[in-house]
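One structure below.
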Amino acid sequence: MIHDRAYEIGSLRGAGEFWPVGLDGVAFERRSDGSLARVESVEAAPGLRVRADRRSIVLESTLRAPVHVNGRPVRELALLRPGDRIASGPSILLVRTRRSPSGIDDGSPDRRRDPADGAPRVFVRCLVGRFAGQARDLDVGGAVPWTRPEAVVATIGVEGTEVVLRSRAAGAAWVDGHPVDVARLEGGEQVVVGDEHYVVDVVRQAPPAQAVPKPQGGESEPAAQPPGAGDPIDSTPRSGFSPWWLLAASALIAGALAMLLGRISG
């Protein structure tokens, strides 16, 4: 999952430095020209602070100037994902994973296994764009962007047992804040094409259960029997009830009746 990875933040434009985002966060202050500059003192610096915890990445803002995340205005707090872009004045900051998405080896035999062997089911959700809030099955939404189907920038598909994004133009698709041509997707990654943001959800399905092998030599297995069907018969009552006291009582009653009849007849 994406939240198990380390994050960093830096300027989207140019090849500037990126700083790791931890629990204390990275702080930025606003310069006189309206741009953002990183400051060493996280606690004392007014402006922006981006920090990460176990659950998410958090943006905290005390700026009076407008701050936008992926084009949407933010006042004080916002939850971020890798690939999000923070804009204030002329500055645009990018949050990304510290490790680039892994590529694929087209010649790997592992990628040529039967798709039914644990094949994943994939859904694509739109976060930013005309279809924000909608989710589509991969068979329907595997080509992005959705708003311009005639100008597809990248495709997402299942190859063997892996989910793979392939870009049709260099630098046209981004995964977790990194421009990619080909990338393996594990699920939870954010794919950005132009102004549209998507998140890919991967559900791994268990491989089909293997059939139980039949016995060799034509022997057939014994038919299943209900519990106790093959057990020896046990005539002992299960409740602890014994019939012997009934027999003794019957004998006593018969003797008493015989004595009573003898007296009557005499």
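Numbers here are sequence positions counted from 1.
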Pro120 versus Val163, closest heavy-atom pair with distance: CG-CG2, 3.9 Å
Whether Asp176 side chain and Gln190 backbone form a donor-acceptor pair below 3.5 Å: yes
Side-chain heavy-atom pair Arg96, Pro82 within 4.5 angstrom cut-off: no
From CZ (Arg31) to OG (Ser91), nearest 0.5 Å: 8.0 Å
Side chain Arg184, main chain Gly103, donor-acceptor under 3.5 Å: yes
Considering all heavy atoms, the nearest Val124-Trp146 contact: O-CH2, 3.4 Å
Backbone of Thr97 reached by a side-chain donor or acceptor of His178 within 3.5 Å: yes
Step-by-step side-chain contact (heavy atoms from CB on, under 4.5 Å) determination, Leu80 to Val58: CA-CA 6 Å; Leu80 305 175; Val58 181; over 6 Å; no
Same apolar cluster: Val193 and Trp174, side chain cutoff 4.5 Å: no
Contact check, side chains of Leu77 and Glu60, non-hydrogen atoms, under 4.5 Å: yes
Closest contact, heavy atoms only, Leu127 versus Arg72: O-NH2, 3.2 Å
Rounded distance (nearest 0.5 Å) linking atom CD1 of Ile57 with atom CG of Asp84: 7.5 Å
Leu12 with Val69, same ILVMFWY side-chain cluster at under 4.5 Å: no
same_hphob_cluster(Trp19, Val95) at 4.5 Å side-chain heavy-atom cutoff: yes
Student check: side-chain heavy atoms of Arg81 and Val199 closer than 4.5 Å: yes
Co-membership, hydrophobic cluster, residues Val153 and Phe131, 4.5 Å side-chain: yes
Exam field: side chain Gln134 to backbone Ala132, donor-acceptor pair closer than 3.5 Å: no
Minimum heavy-atom distance between Arg38 and Glu40, given as atom pair plus value: NH1-OE2, 3.2 Å
From Ile92 atom CD1 to Ile86 atom CD1, the distance as rounded to the nearest 0.5 Å: 11.0 Å
Minimum side-chain heavy-atom gap Asp33-Pro90 below 4.5 Å: no
Distance in Å, Ile9 CD1 paired with Leu48 CG, rounded so as to fall on 0.5 Å steps: 8.0 Å
Minimum heavy-atom distance between Gly157 and Leu138, given as atom pair plus value: CA-CD2, 3.9 Å
Hydrophobic cluster membership, Val39 vs Phe18, 4.5 Å side-chain cutoff: no
Main-chain N/O of Gly141 paired with Tyr198 side-chain donor or acceptor, under 3.5 Å: no
Separation of Ser11 OG from Leu94 CG (nearest 0.5 Å): 8.5 Å
Validation row: Thr155, Leu165 side chains within 4.5 angstrom (heavy atoms): no
Among Leu185, Val122, Val202, side-chain contact (heavy atoms from CB on, under 4.5 Å) partner for Val158: Val122
Ion pair Arg121/Asp137, N-O distance below 4.0 Å: yes
Heavy-atom closest pair, residues Leu63 and Ser61: N-OG, 3.3 Å
Non-hydrogen side-chain atoms of Arg30 and Ser88 separated by less than 4.5 Å: yes
From CZ (Arg51) to OG (Ser56), nearest 0.5 Å: 8.0 Å
